[in-house]
J.: 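Just dropping this structure here.
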Amino acid sequence: MEVISQFSAVLAGIFSSQIILYIMLGAVIGTLIAVLPGIGGLSGVALLLPFTFGLDPYTAIAFLLATLAVTSTADSIPAILFGVPGTPASMVTVLDGHPMAKRGEAGRAMGAAFTSSVLGGIFGAAVLLATIPFIMPVMMRATSPELLGLVIFGLAMVAAVSGQSLARGIGAACLGVLLAYIGQDPQTATLRWTFGQVYLWDGVGILLVALGIYALPELVDMAILNTRIAQTEKENSSALNGEWQGVKDALSHPWLMTKSSGISAVLGVVPAIGAAVIPWLVYAYVSATTRGKSQFGNGDVRGVIAVESSNNATVGGALLPTLTFGIPGSAPMALILGGLLLHGIAPGPDMLVGKIDFTYMMIATIVVANIFGGFLAFGLTRWLAKLVFVRSSILVPIMLSIVMIGAVQSSRSWGDVIAVILIGILGWLMKRARWSRAPFFLAFILAPLVDRYFHISMNIHGWDWVARPFVWPMLVGSLLFVVMLMLRRFFQARRRNEDRAPAQWRVEFRPSADLLFSVGGLAVTFAAFVTSLAWTFRAGILPQIVSGLGIACCVIALVTCVLHRRVPDAATATEGNFDIETDFGQMTQKTVSWRAGLFLGALCVMCGLGWLIGLPVALIGFVLLAMIAMGERPIQAFVICVATSVVGWALFEKFLRLSWPNPLYQLFGG
Amino acid sequence: MRNADRLSLDKMGDVLSADAHTLACCSGGPAVVAFDLSATPAGRKENDIAPGPVSASLRTDNSCIPDNWNANLTRPLCQFQQVARHSGANPMVPGMSLAPSKGVRGDAHPIPTNIITGGDMMKRTLTAICTAGIALGVGFAALDASAQTAEDFYAGKTIRLISSTGAGGTMDLYLLLFMKYAQKHLPAGTEMVLEHRTGAGGIVGMNHMFTAANKDGTEFGMPTPSIVTNTFTQPDATRYVPNEFTALGRLVDLPRVYVARADSGVSTFEDAMETPLSHSILAIGTSTHQVMAAANDVIGTQFRAVPGYSGGGPAFLGMEQGEVQSTTAEPANLLVNKWHLVEDGTLNILGWVGIDPIDGLSDYPSLLDLTPDDHALRGVVETVSNTAAIGLSLIMPPGVPQERTDYIRDLLDTVMRDPELLAEAAERQIPINHATGAWLQERLEADMGQPEDVRDWFLQLSQQ
């Protein structure tokens with residue numbers, strides 16, 4: 001009770017000072033930049049850090065935290081509308097939110113997203129308040145083996161989001177792990193698959209993977225279809241009604257919200273797994289445990305609610321290790337830590353004792369900012385929801401430019417541009433071949449953690465780490481989870497096939513994206529296996545295991561491509577693919593591939609041109625040409641292009657002061 | 001005739017009188033002809049550093065200047081160490097540009113070709129000016145106008161400060177502090193922005209500064225402390241030569257303190273020679289590993305590396321949790337945030353590595369002091385200590401006009417001695433340990449001068 005009275009005193013203090021103004025300002029800025037994919041979130045807070053210098057510590061931290069707290073509310077706007085995640089934290093929102101937008105339910109999806117964001121954020125903060133007394137002892141016991149157990153449990157969740165085919169799911173996860181292994185190995189300093197590029201030493205940035213694997217394929221498909229996102233005009237006249245429906249949806253699932261935000265707040269405390277991982281785990285858990293008819297991955301509003309209440313709740317959780325140990329619980333928290341140090345606030349156990357008021361103030365800021373952020377996002381929705389009715393020929397080139405600008409914020413080099421395009425192509429192929437991208441991304445984030453904690457645990461404890469009190473239950477739990485899931489699938493499949501005629505098998509070669517991808521995957525994993533043999537045992541053993549598993553999965557996938565199981569009345573799976581799909585309608589495979597090649601080719605040409613003359617100029621040229629090529633009238637395209645260039649210049653060059661990779665002429669001309 | 005008033009012709013001697021005459025007659029065309037060769041910062045002559053470049057500006061009484069020329073236009077006359085080449089990127093006059101390129105020592109003065117519009121007379125005049133400039137520069141090496149012209153240059157410019165590590169880290173802390181107070185001393189309208197070029201332990205940022213950054217003085221930045229050792233451990237990936245950067249000065253050093261858990265029974269370096277201790281480090285071959293291995297190889301401690309921690313914080317936490325028995329810590333963090341662990345007897349401090357003594361830790365031995373002068377690996381300990389001493393410093397890409405590097409060096413000195421900055425740093429418990437650019441340059445030279453076996457030690461360590 002004492003906690004509550006102290007907390008409410010702090011809350012009242014916020015409202016009676018200038019802090020509240022800065023929280024509002026932070027919420028406004030956070031909301032506006034989170035809408036721009038890649039630029040919001042991490043880069044957004046980084047850009048604001050210098051501006052806080054003149055402020056007093058309380059105000060400065062409140063300002064930064066408010067910006068960060070609302071990011072995971074507003075970043076669901078591009079995720080739902082375009083299938084382009086605003087930050088990695090909203091990647092999972094895409095899975096159910098974007099299909100809803102395609103059905104013309106963007107308003108509903110956003111209503112549900114914002115409501116659950118706000119409530120999730122507040123509930124997460126409440127959980128945090130309640131757990132403060134236990135945090136220190138728990139943190140002191142969370143050593144490498146315990147974290148390893150937790151991360152392995154997370155990896156087991158990969159099975160739950162791997163879609164219809166477990167082989168493809170695990171295969172995709174293996175590819176994700178191999179991508180994550182690119183870079184310098186901390187154990188041996190071996191450079192794994194860096195191909196002589198210093199750029200690759202630190203591996204591929206998570207932002208690039210998030211943008212490449214989900215954003216680019218979605219834009220490519222939009223370009224191929226060349227229509228509008230929403231095929232139905234259903235919601236056009238009643239966007240507001242849609243929002244209210246969403247609010248009602250969210251409010252009618254209180255247990256779902258409580259569950260996912262509670263889990264997320266607690267998991268958020270664990271360093272290293274932040275808002276990019278936790279929503280996946282929550283989603284996997286919720287989709288695997290929801291009984292009855294569900295449409296997860298296909299536009300189920302419950303998916304949006306679970307994920308959005310989760311990603312806002314992690315902010316509070318991630319705050320605690322930052323405050324008590326100076327170890328950021330997530331990437332954006334590293335910036336808050338920077339802010340704390342900048343303002344002379346030393347993180348330490350005292351933050352929960354002597355300086356508890358400051359901690360309360362930060363939690364209160366999260367609560368207040370979440371509420372503001374919710375209202376702001378609702379305000380924006382009215383305007384932004386109409387974007388789904390804008391023609392692709394206008395939307396796609398502009399969105400693509402924003403994504404590319406967001407991508408180069410990863411490290412401001414040409415490597416970012418090349419990486420995001422390559423991953424984008426991979427993502428598009430995976431989408432076409434129906435290899436679920438969720439396990440790919442989840443494994444990409446978790447693999448380096450497994451690597452790190454495994455080696456530290458082995459170095460210190462040998463194999464004894466397995467038997468530690470918290471670790472073995474996690475390992476057994478992971479195993480049970482996977483076994484349970486497989487059994488359930490097996491029985492479901494049997495029930496489906498029971499009343500049907502026995503299946504017939506036959507071999508048939510049919511060129512398909514799936515076949516192509518299986519062959520490609522096999523080639524990549526095989527090459528990875530062979531090249532990793534050159535490394536020392538310690539550097540190579542995990543990559544060899546993973547690529548070996550990948551080879552096996554690709555072979556199984558290849559066999560199922562060729563060996564068709566002909567079931568009489570084609571039993572289509574009821575279980576979702578955990579991936580958004582594009583309905584190309586009457587378009588032939590050839591047309592789709594041709595247009596995709598054309599679009600991606602143009603993108604590559606644009607980037608090559610950018611390398612010569614500078615990215616901003618090349619992007620403007622690309623926007624103009626792409627608009628005309630996609631059927632806009634030249635004059636109209638020109639006007640739109642000039643207008644967006646002016647807005648872009650003011651925003652990126654003058655306000656955000658982004659920097660660009662140096663073009664060729666500067667390297668040799670200067 | 002703003003600057004030329006101060007030109008004392010009588011000191012030039014007979015050789016120059018004709019040229020000076022030409023100069024005086026020069027009013028026949030639009031050109032930058034006013035210049036000042038009279039002084040340079042006094043310290044430079046004593047330090048035996050070549051005189052700075054001379055710039056020419058517009059004479060206010062020249063009626064031939066077109067209206068659209070900027071009244072503050074200046075052009076480098078005699079760069080001495082620079083060659084001006086056309087880059088197409090100078091915004092001062094539309095369609096005109098002169099930007100110095102990477103310097104070649106001994107190259108002569110630039111001829112600003114695209115300024116000349118007045119025919120032979122102008123060419124002769126410019127030749128005369130440059131000759132006069134060289135003669136004066138070499139002759140007197142005592143010019144004072146460079147600071148002013150550099151200030152003119154920076155007026156209204158945007159300075160990009162490169163940070164070679166991620167946003168929000170210690171490096172940002174210092175860069176932001178510097179930026180805040182530098183703003184006070186920069187000309188009005190000059191802005192500073194922070195730019196992160198991260199990757200490969202700072203190599204990406206340093207490569208960028210050496211090869212790709214603007215060489216006009218508007219881009220400089222903070223390398224990682226391992227600026228030199230990176231070239232030993234990663235000779236193929238580093239595309240910079242540490243001592244060819246212009247050292248601007250140091251903001252703070254980053255020594256490291258060896259700490260061990262008290263329950264390991266180790267309280268001194270001597271104990272650590274008897275008792276093997278697990279020791280948390282970041283990646284193999286990085287500076288935390290070097291510091292640990294140097295102690296092992298030189299004084300015989302028995303630290304066993306546990307690599308893979310993702311940062312200094314987690315490495316320390318690992319020891320705090322009891323997962324490992326020892327590590328090295330930043331003294332600033334130890335003294336401010338973790339001192340209670342030393343006071344309650346959980347942790348013991350064994351010693352430290354660095355050059356400057358650390359306030360509050362003066363009772364403990366430094367690795368350098370424990371290393372005999374004739375030890376075969378003395379050079380390794382020197383280099384490791386220097387790396388700690390280099391700490392967080394600022395460097396300028398090579399090839400920037402001397403007057404501008406001097407200007408920024410002076411700026412850094414002024415800023416780091418600003419009582420307001422020192423007061424704010426003290427209040428926020430941010431340690432400051434300023435050192436000059438000349439000092440820093442010496443450190444870089446010293447480390448680069450280490451013999452081959454020292455370089456090999458670092459290379460071997462990173463190739464386990």
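We name chains A, B, ... by the order of the sequence lines, and we start the count at 1 in each one.
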J.: Which residues satisfy the side-chain contact (heavy atoms from CB on, under 4.5 Å) test with B:Leu282, sequence neighbours excluded?
T.: B:Thr286, B:Thr288, B:Tyr309, B:Ala315
J.: Checking heavy atoms, do the side chain of B:Ile430, its backbone, both or neither come under 4.5 Å from chain A?
T.: side chain
J.: Parallel, tilted or perpendicular: which describes the rings of B:Phe303 and B:His279, with under 30° parallel and over 60° perpendicular?
T.: tilted
J.: What part of B:Glu195 gets within 4.5 angstrom of chain A, counting heavy atoms only: side chain, backbone, both, or neither?
T.: side chain
J.: Listed by chain and number, what are the side chain to side chain donor-acceptor pair (under 3.5 Å) partners of A:Ser413, not counting sequence neighbours?
T.: A:Ser411
J.: Quick one: of B:Val204, B:Thr158, B:Leu177, who has the most non-hydrogen atom pairs under 4.5 Å with chain A?
T.: B:Leu177
J.: For chain B, which candidate among A:Gly339, A:Ala142, A:Pro57 shows the most heavy-atom pairs at distances under 4.5 Å?
T.: A:Ala142
J.: Looking at B:Arg239, B:Lys338, B:Glu191, which has the largest count of heavy-atom pairs under 4.5 Å with chain A?
T.: B:Glu191
J.: Before accepting this row, confirm whether a basic side-chain N of the pair A:Glu146/A:Arg468 lies closer than 4.0 Å to the acidic partner's carboxylate O.
T.: yes
J.: Would you compute the distance between atom CE of A:Met140 and atom CG of B:Leu317 and round it to the nearest 0.5 angstrom?
T.: 6.5 Å
J.: Above 12 or not: heavy atoms from other molecules or residues under 6.0 Å from CH2 of B:Trp339?
T.: yes
J.: Would you call B:Glu320-B:Arg261 a salt bridge at under 4.0 Å N-O?
T.: no
J.: Against chain B, label A:Pro347 side chain, backbone, both or neither, depending on which of its atoms sit under 4.5 Å from a heavy atom there.
T.: both
J.: Below 4.5 Å from any heavy atom of chain A, which atoms of B:Ala425 appear? Answer side chain, backbone, both or neither.
T.: neither
J.: Could you look at B:Ser310 and say if it's the side chain, the backbone, both or neither that has a heavy atom under 4.5 Å from chain A?
T.: both
J.: Quick check on B:Leu175 against chain A: is it the side chain, the backbone, both or neither that has a heavy atom closer than 4.5 Å?
T.: neither
J.: Check whether B:Val193 gets within reach of chain A through its side chain, its backbone, both or neither, counting any heavy atom under 4.5 Å.
T.: side chain
J.: Under 3.5 Å, is there a donor-acceptor pair between the side chain of B:Ser164 and the main chain of B:Thr198?
T.: no
J.: Heavy-atom distance under 4.5 Å to chain B: side chain of A:Ser144, backbone, both or neither?
T.: both
